[in-house]
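To start, the structure under review is shown below, and the notes come after it.
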Amino acid sequence: MDVRIYAEGTRLLGCVAPLSTYTVILKKLNEPGGGKKPEKKQKLLFICAFLTCIGLTFLILACAVPSPKIFYPFFVLLFYVLSVLPVFIAKRTTPGNETNPKSEFALFLTAGMVLSAFALPIVLAHAAVISWTAGILTIISNLINYGTIFGYAMRDDEPYGSMF
C-alpha cells in the first residue's frame, strides 16, 4: 500500500525525488487540516506570480493591440531584469545590513533603471514609434510589475528587503 501511495505522489508531483521527500509529504497530508492550507510565504508567492502574469499580459497587449504590430515595448523586459541586479550584488557583497556607499550607489542605479523603464514608452510614443495606447499599456505594465517586485522585496523588516 505504501508503494502505491508513493507512486501516486510521484504522478502528482511530476518529478523524481528521494523516498524521504514523499514520506514528509505523506506525513503533512495526514496532519490535521490535510496539509491543504498554504503558508503565508506561499500565499505571497502566489499573489506575486498572479500580479506578474497580469503585468506581462498588459505588456503583450501593448504590442498586440495597436494596428502596427511593433514590439518595441518588449525592451522594458530588460529593465525588469537589470533593475534588481545592482541591489542584489550590493546586498551579497555587503556584510550585514549596513548602509554604505556601495549599497547607496546600487539603489541609485536601480532607481535610474526603473525611471528608464517608465521613460522609454513615453519617449517612443512621443517620437511616434509606438502609439500612445501602447505607451499607456506599457506604463500600466510597469506599475504592476515594479509594484510586485517592490512588494516582494520589502516583505520583511530588513532595510532593503530580504529578497536581495
Side-chain angles (χ1 to χ4, degrees), residues 12-17 21 24-25 28 35-164:
L12 288 175
L13 291 175
C15 62
V16 178
T21 305
V24 170
I25 292 171
K28 282 196 174 256
K36 295 179 182 177
K37 189 175 182 181
E39 296 179 12
K40 185 178 179 181
K41 290 182 180 180
Q42 289 176 341
K43 286 182 183 179
L44 179 67
L45 191 61
F46 291 145
I47 291 170
C48 288
F50 180 72
L51 288 174
T52 302
C53 288
I54 291 175
L56 290 178
T57 301
F58 275 105
L59 188 60
I60 291 169
L61 283 174
C63 297
V65 169
S67 56
K69 307 286 190 274
I70 297 175
F71 294 98
Y72 288 120
F74 271 127
F75 284 116
V76 173
L77 290 174
L78 293 172
F79 292 117
Y80 293 162
V81 174
L82 294 177
S83 64
V84 296
L85 289 179
V87 176
F88 178 73
I89 293 169
K91 185 77 171 183
R92 295 292 177 194
T93 59
T94 304
N97 291 329
E98 300 173 0
T99 302
N100 59 19
K102 190 186 328 180
S103 61
E104 295 297 324
F105 183 66
L107 288 175
F108 175 74
L109 288 177
T110 299
M113 289 183 205
V114 171
L115 181 67
S116 298
F118 282 97
L120 179 67
I122 294 171
V123 169
L124 289 175
H126 182 72
V129 175
I130 63 173
S131 67
W132 280 102
T133 306
I136 290 170
L137 287 170
T138 305
I139 290 173
I140 292 171
S141 171
N142 286 342
L143 287 172
I144 294 170
N145 285 329
Y146 279 120
T148 303
I149 291 170
F150 181 75
Y152 187 74
M154 296 297 168
R155 69 186 188 276
D156 287 334
D157 295 332
E158 295 183 27
Y160 299 124
S162 64
M163 177 179 159
F164 306 111

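Remember, it's a predicted structure, so these values are computed and weren't measured experimentally.
One distance of note links CG of L115 with CG of N142; it measures 11.0 Å at 0.5 Å rounding. Here the OG1 atom belonging to T52 is positioned 9.5 Å from the CG atom belonging to L45, to the nearest 0.5 angstrom. Between the CG atom of L77 and the OG atom of S141 there is a distance of 7.5 Å, given to the nearest 0.5 Å. The structure places OG1 of T148 at 10.5 Å from CG of L143, a figure rounded to the nearest 0.5 Å. Remark: L59 CG to Y80 OH distance equals 5.5 Å, nearest 0.5 Å. For the atom pair CD1 (I144) and SG (C53), the distance works out to 11.5 Å, reported to the nearest 0.5 Å.
There is a side-chain donor-acceptor pair under 3.5 Å between S103 and N100.
Smallest separation of non-hydrogen atoms from I130 and Y72: CG2-CB, 4.1 Å. Of all non-hydrogen atoms in S83 and P86, the two that sit nearest each other are O-CD, 3.7 Å. Heavy atoms only, all atoms of each residue included: A134 and T138 are closest at O-OG1, 2.7 Å. In this structure, M113 and L82 approach most closely via the heavy-atom pair SD-O, 3.1 Å.
Note on ring orientation: taking the six-membered ring where Trp is involved, the planes of F118 and Y146 are tilted (angle from 30° to 60°).
The number of heavy-atom neighbours closer than 6.0 Å to CZ of F74, taken from other residues, nucleotides and ligands shown, is above 12. Other residues, nucleotides and ligands contribute more than 12 heavy atoms inside 6.0 Å of the CZ atom of F71.
Evaluated for a side chain to side chain contact (heavy atoms under 4.5 Å, CB included) with F79, the options L120, V114, V84 yield exactly one hit, L120.
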